Amino acid sequence: MNATDFAAIETHAAQLAKSTLLDLFAADPKRVERLTINAPHLIADFSKQRIDAKALDLLAQLAERADFDGWRGRLFAGEAVNNTEGRAAKHWLLRAGDAPAEVHEVRARMAAFAKRIRPEINAIVHLGIGGSDLGPRLVLDALKPLRVAGIDVRFAANVDGADVADAIDGLDPKRTLLIVVSKTFTTQETLANADVVRAWGPAHLAAATAAPDKAVAWGVPAENVFAFWDWVGGRYSLWSSVGLACAVALQDGAFEGLLAGAAEMDAHFRDTPFTRNLPAVSAAVQMWNREALGHGSYALIPYAERLRLMPAYMQQLEMESNGKRVSRDGEALERSACGVTWGAAGTNAQHSFFQLLHQGVGEIPVEFIVNAGAHEGPASHRAKVFANALAQTRALMVGKSAAQARAEMVAKGMSEAEANRLAPHRAFPGNRASTLMAIDALTPEALGALLAFYEHRTFAQAVLAGINPFDQWGVELGKEMANALLPALEGGAASPDLDASTAAWVERLR
Ligand code: F6P
């Protein structure tokens, strides 16, 4: 994407910025209908975003110039779209009906293992980090009502020993299954934690890895090693044997339901033209907000307690994929390819950083997710969750003028002088953008579709920016330096070529 590609978009964004969001609604009675997109298990309303039909048209043209159709075709053809590692990115194949025999074979072994092991255990300790942790952790949290009774699932990812200590605390090793999840089986944190748990003596060991020989050499019985392949990227790997804890700890059929829902979203993304394609349009809106309107981050707010881990999951998916500064061909990018993803579950977030969203200087677009289906707990809570989510999207957009705030205070009996003094504090600028999305229910299928939606949106963002989303070289330098610093921190000689600050900290901490 070069400057010329973007000029028309910037001009139109500047034009639209002269109107408020409410003006845009007034100008087009069909706005909600036009800017609402349906996909399997998921509906998204972009009408409270600062876009219109022309903006979408310009973004569609940009996608065409970025060869969106071509790249999408290459993804689904299994070409080596990860061009710095010479690999395909075929996570979608893990959930396809016509997946290759090796995929079916591992899936069948996982299901058989789940059936065999459940009566022998009352706990699973899942060790992995990043893509080998976040997906299963999220799914098991989100689908808690579908958990097999009597199996506690613990996770540890952090190399801080407190994490693994908590993970095994109170468990009986004789009834525990340890699952070591690592694509490479070389990750420092995971292996350090795995050594601790193995020494504690769990009755059963299993592994999910693309390096089965290493897992066997470490001590996992070969029959309990579940492979996946180098064409599955870490943060796209939930659907592989990385989901073993889900297959064991969720009732039969749930993991398959997750895959089936994701496959439905794959078909939507693969077969739908850009302007009705939910991941593609959502990616375009993100780019619009970031690059045309200058909003460098967005807040992801699931109004669903069971989706509370979504922000953490999405931080890895989006920022590890698209946090890049060079194009696929190594050219410096003129624009950023990725914003900052952050957030927390509503309503809790309302009592925390929503103050900044409503009244801080500058706008941060928000993405809300609600569960339109059945809710757990008292029936009356469901309406309260929705009332809060809708109120927030509306309050961000509508705001409250100082005059209105002043009038309300005076109507309640406050003096004019006091009302004038407080009005600026109690006014809301409004005109702040958000997207509202709903899953049809919190089922395995809908969750699978939601996560696949985000995978494809991340890919579509990368295509629009012209980058490769499937490598992550940016995590390597820190790993190398940690390995180099370790001997000194373990009491050995400090490396002579350290900068003065780091050298002082090594002395202080060793
Ligand atoms: O953080 C870098 C990373 O390589 C992620 O991409 C990956 O999900 C994680 O580390 C764990 O890697 P592995 O599964 O090989 O242990």
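For ligands, and for the atoms within them, numbers begin at 1 and follow the listed sequence. A quick note: this is a predicted structure, and the numbers were derived from the prediction, not measured. The chain is numbered in sequence order, starting from 1.
- Within the 4.5 Å cutoff, no side-chain heavy atoms of T190 are placed close to those of F185.
- Panel note: side chain R335, backbone A465; no donor-acceptor pair is recorded below 3.5 Å.
- Proximity to V475 (heavy-atom distance under 4.0 Å) selects the following atoms of ligand 1: 2 (C).
- Scanning all protein heavy atoms for the shortest distance to atom 7 (C) of ligand 1 gives G131 N, 3.9 Å.
- Proximity of the aromatic rings of Y313 and Y454 is defined here by a centroid distance below 6.0 angstrom, and this criterion is not met.
- The shortest N/O to N/O separation between T190 and ligand 1 does not fall below 3.5 Å.
- With hydrogens left out, the protein atom closest to atom 15 (O) of ligand 1 is T184 OG1, 2.6 Å, a heavy atom.
- Regarding atom 12 (O) of ligand 1, its nearest protein heavy-atom neighbour is T187 OG1, 3.5 Å.
- No donor-acceptor pair under 3.5 Å is formed between the side chain of R457 and the backbone N or O of L278.
- For K479, every heavy-atom contact with ligand 1 shorter than 4.0 Å involves the side chain, none the backbone.
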Requested in this report: Might you work through the side chain to side chain donor-acceptor pair (under 3.5 Å) test for W231 and N82, ending with a clear yes or no?
Outcome: CA-CA 9 Å; W231 45 265; N82 177 354; over 6 Å; no
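- Ring orientation note: the planes of F68 and F274 are nearly perpendicular, at an angle over 60° on the 30°/60° scale.
- Exactly one of E367, Q286, Q49 qualifies for a side-chain hydrogen bond (donor to acceptor under 3.5 Å, both in side chains) with T435. That residue is Q49.
- Of all atoms in ligand 1, listed by their number and element, those nearer than 4.0 Å to a heavy atom of G130 are 8 (O).
- Checked against a 6.0 Å centroid threshold, the rings of W92 and F269 do not count as neighbours.
- Looking from atom 11 (C) of ligand 1 to the surrounding protein, the closest heavy atom is I129 O, 3.2 Å.
- Within the structure, the closest approach of E189 to ligand 1 does not fall below 4.0 Å when heavy atoms are considered.
- The S182 neighbourhood of ligand 1 comprises atoms 13 (P), 14 (O), 15 (O), 16 (O), with distances under 4.0 Å to a heavy atom of that residue.
- For atom 3 (C) of ligand 1, the closest heavy atom belonging to the protein is E320 OE2, 4.1 Å.
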